[in-house]
Enquirer: 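This is the structure I want to talk about, given as structure tokens.
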There are 2 protein chains.
Amino acid sequence: MSTSKEKVIDSAQELFHLKGFQNTSIDTILEHTGVTKSNLYYHFKSKEELGLLILEKRISEYERRFFSETLENTSISPEQRLKNYYKKVTAYHKNLDCRNGCPFGNLALEMSDINEKFRLRLSEFFNHWQRIIELCIKEGIKQKQFRSDISSKAISQLIISHLEGAILMVKTHRSTIPLSSGSKTIMKLIKSA
Amino acid sequence: MSTSKEKVIDSAQELFHLKGFQNTSIDTILEHTGVTKSNLYYHFKSKEELGLLILEKRISEYERRFFSETLENTSISPEQRLKNYYKKVTAYHKNLDCRNGCPFGNLALEMSDINEKFRLRLSEFFNHWQRIIELCIKEGIKQKQFRSDISSKAISQLIISHLEGAILMVKTHRSTIPLSSGSKTIMKLIKSA
DNA sequence: CTATTAGGACTGACCGGTTAGTCCTAATAA
DNA sequence: TTATTAGGACTAACCGGTCAGTCCTAATAG
């Protein structure tokens, strides 16, 4: 049996992703968990704290599931690693019925202008994310899989921007095509001649 | 002197872009305009109607200011047209102090999962936007400025996804670099060998 | 063995404030 | 006379958050 605290965290994580942080009320979380409001505020001092905590949880989960298992899996070639990563992301969103979007992109867009804590943490994570991709690209350039006339940094910045935008398109068009087709275009463009 | 209706539209347009649609209350619009609530509801039957109307206004304004003047300006070469477009978009966000983000991307992310009217209109506009870019790319390929081994459709889809993602990064990192640097990378990648 | 204390988990009632939207009357302007 | 504007009272639902106090368990003191 999970504790109230765990139930709140799990439910809030899901709701924040599905409906956004601001658009998810404390009362909705309460309804979904059966936990009382006073109990929730016993465990978390504010909605902001809960949101920040869930952001941390998402980040470590993403680093484990998406970075370690694909982009940083050095037993595979850089090109195949990137392909696997794209495949995994696409499958993730297909499984979510093209709704929800990227939890990080959503939060960044929603909170950057109104809450510095969220913005700074997200900014830091995006930088980390970009460096993970950059290492993969750098190795791919060294192995002559990727073209060498553009810096690995520039390419990785492009990849992460495109990824976030493509997920936004997936959500708006309710189709994974922008992601699956876009990633293929990226792969072709960065391939060495 | 502008009418109440015009004042509401102008003010709401600005506020929706700055703070988001849901996060802008009717009362805030009232404060900013000096218009009374009964008057606002005399002109608009709901907040949704007001939002949809402002979306239409934004769309036609964007088509006029960004499409006609740069991407569709056939007196310039396709490559230069695309460069000018990027320059204009970057300047736009720099002028906004890297805040706000893209009005269409913001709305798409905020509303796609909860309001079909907004989602469908936005989806349609993104498609139109993509076709405008596609025509420019197509001509650039014909003129041998852009590489011909990837379809103009695929490239234009990539460009629009990347653009939206880059603007998200601009907002999160509070810097135009993701946009200015990313657009240069795109230009290099699609240039013919 | 028993009385006391400490602390974590939890409760239900309640708070002030905000939300979009309604309704009605009356004044004013084209 | 018809479209617009003003003013204000009102509603029902919702918002994040607080409060005093209860329940249970485990450690400690006499």
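Residue numbers start from 1 in every chain, and the chains themselves are labelled A, B, ... in the order their sequence lines are given, proteins ahead of strands.
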Enquirer: Nearest whole angstrom, please: distance from the P of D/dT18 to the CD1 of A/Ile26.
Expert: 11 Å
Enquirer: If I take atom CG in residue B/Asn23 and atom C1' in nucleotide C/dT18, what distance separates them, rounded to the nearest angstrom?
Expert: 12 Å
Enquirer: Report the relative orientation of the aromatic rings in B/His173 and A/Phe126; use parallel for angles under 30°, tilted for 30 to 60°, perpendicular for over 60°.
Expert: perpendicular
Enquirer: What nucleotide, of C/dT11, C/dT19, D/dG17, holds the atom closest to the side chain of A/Asn39?
Expert: C/dT11
Enquirer: Assign each of B/Gly34 and A/Tyr41 to its nearest nucleotide of DNA chain D by heavy atoms, then name whichever residue's nucleotide is nearer the 5' end.
Expert: B/Gly34
Enquirer: With the side chain of B/Ser38 defined as its heavy atoms from C-beta on, choose the nearest nucleotide among C/dG12, C/dG21, D/dG7.
Expert: D/dG7
Enquirer: Could you give the CZ-to-P distance, from A/Phe44 to C/dG8, as a whole number of Å?
Expert: 16 Å
Enquirer: Is the shortest side-chain N/O distance from B/Tyr42 to OP1 or OP2 of D/dT4 below 4.0 Å?
Expert: yes
Enquirer: Is there, by distance only and without an angle test, a donor paired with an acceptor across the side chain of B/Lys37 and the base of D/dG7 below 3.5 Å?
Expert: no
Enquirer: For B/Lys47 and A/Leu40, find the nucleotide of DNA chain C closest to each by heavy atoms; which residue's nucleotide sits nearer the 5' end?
Expert: A/Leu40
Enquirer: Identify which nucleotide among D/dC15, C/dA20, D/dG17 has an atom closest to any side-chain atom of B/Ser25, counting heavy atoms from C-beta outward.
Expert: C/dA20
Enquirer: Using whole Å, report how far CG of A/Asn115 lies from P of D/dG16.
Expert: 15 Å
Enquirer: May I have the distance from B/Glu49 (atom CD) to C/dA20 (atom P), rounded to whole angstrom?
Expert: 15 Å
Enquirer: B/Trp129 vs B/Phe67 aromatic rings, parallel, tilted or perpendicular, using cut-offs 30° and 60°?
Expert: tilted
Enquirer: Under a 3.5 Å cutoff, is there a donor and acceptor pairing between the side chains of B/Ser192 and B/Gln145?
Expert: no
Enquirer: Using the ring of each side chain (for Trp, its six-membered ring), is B/Phe125 parallel, tilted or perpendicular to B/His128, with breaks at 30° and 60°?
Expert: tilted
Enquirer: C/dT19 C1' sits how many Å from B/Asp27 CG, rounded?
Expert: 8 Å
Enquirer: Ignoring the backbone of B/Thr3, work out which of D/dT5, C/dT19, C/dT11 is nearest its side chain.
Expert: D/dT5
Enquirer: Pick the nucleotide of DNA chain D nearest each of A/Lys45 and A/Thr28; which residue has the one closer to the 5' end?
Expert: A/Thr28
Enquirer: Whole angstrom is fine here: how far is it from CD1 in A/Ile29 over to C1' in D/dC14?
Expert: 14 Å
Enquirer: Which listed nucleotide (D/dG8, C/dC10, D/dT5) is nearest to the side chain of A/His43?
Expert: C/dC10
Enquirer: Is a side-chain donor-acceptor pair under 3.5 Å present for B/Ser77 with B/Gln143?
Expert: no
